[in-house]
Amino acid sequence: MQKSSKKILGLMGAGSAALVGTGAFAQQAKNPNVIVIMADDIGYGDLSCNGEKTISTPNVEKLASQGVRFTDAHSAAATSTPSRYSFLTGHYNWRRGDTHIADGDAGMIIRPEQYTVADLFKESGYKTGAIGKWHLGLGDKKGSQNWNGVITPGLKDIGFDYSYIMAATADRVPCVWVEDMKVVNLDANDSIFVSYVKNFEGEPTGKNNPELLYRQKPSHGHDQSIVNGISRIGYMKGGKNALWEDQFIADSITNHAIDFIDENKDNPFFLYLATNDIHVPRVPHPRFEGKSGMGVRGDALLEFDWTVGKVLETLDRLNLTENTIIILTSDNGPVVDDGYQDLAVELLGKHRPWGEFRGGKYSNFEAGTRIPFIVSWKGVTKGTVSNALVAQIDFMGSMAAMLGKELPNSTCIDTQNQLKSWLGKDKKGRDYVVESAQSLSISDGKWKFIRPNNGAKMNKFTNTELGNDKTPQLYNIKKDRNEKVNLYDKNKKKADELNALLEAEKSKTQK
Ligand code: NG6
Ligand code: CA
């Protein structure tokens, strides 16, 4: 794998040159700032701009009112690690066997030699930052990190000038912030130890000491080390001063994002702002408590909306609104009970996190990977709705086009220049998208084909229909939004066509 090469991928097409020269686009400064707000587990129906009347997310609505809101946008995968891997590299997760949901002590999945979107911006003279949830491994090898020193390789080695991150997820140890590859607030006399194999002697666990779980109890899994009265996945010991407090996670992420924007107001910047909301354990700040009427899951959605509001406010204050592209999306579809007894199921009421789609996080069905997607560039986009077929994996190709940069002959073989569709100027978008969950699926916007799979029909813990079936599935997703009628037997020709496209994708290799 080469980081850069003289040989160029033929991605640019009628990219930046054509767009930059025309209309409103020409009015904009050459190198707009780019902020990606990557939510965690927020479903298509979880944001009020997408039509559900059960929740109100006004700041996201405001963003939509000045951007392009997409109805047919897709993440590459139905869980975090593989989805984020694809987003940041332009390379499908399923081409590798090691992008499954990462432990908190996983080694770096994106290695320093792999080209990333952060490299792309950095090479274009941007300051680059990653703030919030990471979940793509740190350090060289699983379990090998020095949590008490410099954790290397780290985000600096894959293009991020600045990082302030949680190593994995809020429900996985270590429960600490890592800033520029070092644990924040670490007391030198209280070293941190992490293991995903066995507990440290004398340390309580959710399993053995349920009486210590004063904040949230697990509904499934999550019964290992206890931090702040919540048991997590994995074992950790020490680092008392460095432990995050769950109710301040969103504030901490948001404040660091604001600081990053402030510090870079005079130069182009790329900020990957990955919220912890609304992943489990859901512990929003007390000021959101009870505000949604849906319990902590709904309150965390309001907290997410607050973060969006703070970003918009900061850009306004610094006069950067017109010169900043904001992309708001989510890593995968929604889940209600994801392992803690937080009353999310009981208090959901009529709210449909998945909108009109079937399944959810983990699923081959549409709600697994059909995600919220808004692209806003004030002055260029204008509060429209687009039904174009778009995919997160095109971030790399589209941004390269915007920057007038050619992508190196690297692993980013799956990304396309979709800048025109992302800015609402092309109504069609991609010819098809590939999605991965339990199986691989492909959709051309009208037809969706799911490969046969022997997996379970249900995730019985989260109560999610997984979309696994021993026979191939073909749905007319335009009409049959809920994937109820399998048309495979009636239209084998279409299924074969789509399957052949999938096969062709699978055999594509690095040039
Ligand atoms: C699952 C966890 C779930 C969540 C998920 C990753 C259990 C029982 N479930 O294994 O709670 O952490 O992994 O979510 O442990 S993701 O959004 O980061 O992919
Ligand atoms: Ca997720």
Side-chain angles (χ1 to χ4, degrees), residues 36-44 46 74-88 93 98-106 109 132-137 165-175 196 205-207 216-225 227 230-235 246 249 253 272-283 296-297 300-301 304 328-342 344-345 353-354 359-363 367-373 392 435-438 455-456 458-464 466:
V36 171
I37 302 177
M38 181 65 76
D40 201 353
D41 298 357
I42 290 187
Y44 186 85
D46 274 325
H74 300 261
S75 59
T79 50
S80 157
T81 304
S83 167
R84 289 161 198 259
Y85 169 81
S86 303
F87 178 78
L88 292 171
N93 52 289
D98 59 352
T99 64
H100 46 265
I101 298 171
D103 284 341
D105 69 344
I109 293 169
K133 171 177 176 174
W134 181 238
H135 210 191
L136 285 161
I165 53 168
M166 326 166 68
T169 57
D171 59 346
R172 285 174 174 76
V173 303
C175 301
Y196 275 70
T205 61
K207 190 165 180 218
Q216 254 177 46
K217 295 185 174 48
S219 59
H220 52 273
H222 303 105
D223 60 358
Q224 299 176 340
S225 282
V227 177
I230 303 173
S231 47
R232 322 262 168 167
I233 307 171
Y235 303 101
D246 295 79
I249 290 178
I253 290 175
Y272 173 66
L273 169 50
T275 68
N276 168 57
D277 287 323
I278 60 166
H279 198 277
V280 295
R282 302 168 183 129
V283 188
V296 289
R297 187 177 185 281
L301 276 168
F304 172 79
L328 182 148
T329 189
S330 180
D331 64 341
N332 52 254
V335 57
V336 185
D337 176 352
D338 206 15
Y340 288 96
Q341 300 176 38
D342 62 4
V345 174
W354 39 81
K361 180 176 179 178
Y362 309 111
S363 179
T369 47
R370 170 128 16 169
I371 33 77
F373 197 69
Q392 287 177 348
E435 295 148 275
S436 67
Q438 315 271 309
M458 290 293 290
N459 179 331
K460 59 182 189 326
F461 298 112
T462 60
N463 199 24
T464 309
L466 293 173

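When reading the values below, keep in mind they use all heavy atoms of this one structure, side chains included, and skip hydrogens, waters and symmetry mates. For ligands, and for the atoms within them, numbers begin at 1 and follow the listed sequence.
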Atom indices of ligand 1 within 4.0 angstrom of V280 heavy atoms, with elements: 11 (O)

H220 to ligand 1: N or O pair under 3.5 Å? no

Closest non-hydrogen atoms of A102 and I109, given as atom of the first, atom of the second and distance, are CB-CD1, 4.1 Å

Ion pair present between R232 and D246, side-chain N to carboxylate O less than 4.0 angstrom? yes

Contacting atoms of ligand 1, where contact means under 4.0 angstrom from a heavy atom of D171: 3 (C), 4 (C), 11 (O), 12 (O)

If we only count N/O pairs under 3.5 Å, is T81 in contact with ligand 1? no

Passing candidate, side-chain contact (heavy atoms from CB on, under 4.5 Å) with W354, options V336, D46, V335: V336

Partner of T79 by side-chain contact (heavy atoms from CB on, under 4.5 Å), out of S83, P82, S75: P82

One residue to check: T169. Relative to ligand 1, which of side chain, backbone, both or neither has a non-hydrogen atom less than 4.0 Å away? side chain

Between K133 and ligand 1, which residue portion shows a heavy-atom distance shorter than 4.0 Å: side chain, backbone, both, or neither? side chain

If we number the atoms of ligand 1 from 1 as shown, the ones under 4.0 Å from a heavy atom of N332 are 17 (O)

What are the protein N, O or S atoms, given as residue plus atom name, that sit under 3.0 Å from the Ca ion (ligand 2)? D40 OD1, D41 OD1, D331 OD1, D331 OD2, N332 OD1

Under 3.5 Å between any N/O of T79 and any N/O of ligand 1: does that happen in this structure? no

Closest contact, heavy atoms only, N93 versus S436: ND2-OG, 3.0 Å

Residue portion contacting ligand 1 (non-hydrogen atoms closer than 4.0 Å) for Y362: side chain

Just to confirm my output: which protein heavy-atom neighbour is closest to atom 10 (O) of ligand 1, and how far is it? R172 NH2, 3.5 Å

Of all heavy-atom pairs between L88 and L136, which one has the smallest distance, and what is that distance? CD1-CD1, 3.5 Å

Can you find a side-chain donor-acceptor pair between H279 and T169 that sits under 3.5 Å? no

Are any of the side-chain nitrogens in R282 or D338 under 4.0 Å away from the carboxylate oxygens of its partner? no

For ligand 1, which atoms have a heavy atom of H135 less than 4.0 angstrom away? 18 (O)

Nearest protein heavy atom to atom 7 (C) of ligand 1, by residue and atom, and its distance? H222 CE1, 3.6 Å

Which atom pair, heavy atoms only, marks the closest approach of G104 to Y196? N-OH, 3.0 Å

I need the nearest protein heavy-atom contact for atom 14 (O) of ligand 1: residue, atom name and distance, please. K361 NZ, 2.7 Å

D40 neighbourhood, listing ligand 1 atoms whose heavy-atom distance to it stays under 4.0 Å: 17 (O)

Under 4.0 Å from any heavy atom of D338, which atoms of ligand 1 are there? 3 (C), 4 (C), 11 (O)

Return the minimal non-hydrogen interatomic distance between R297 and D41, and the atom names on each side. NH2-O, 4.0 Å

Could you tell me the separation between the CZ atom of R172 and the NE2 atom of H135, rounded to the nearest 0.5 Å? 4.5 Å

Ligand 1 atoms in contact with D41 (distance to a heavy atom under 4.0 Å): 17 (O)

Close approach, S80 and ligand 1, non-hydrogen under 4.0 angstrom: yes

Can you list the ligand 1 atoms lying under 4.0 Å from a non-hydrogen atom of I233? 15 (O)

Ion pair D40/R84, N-O distance below 4.0 Å: yes

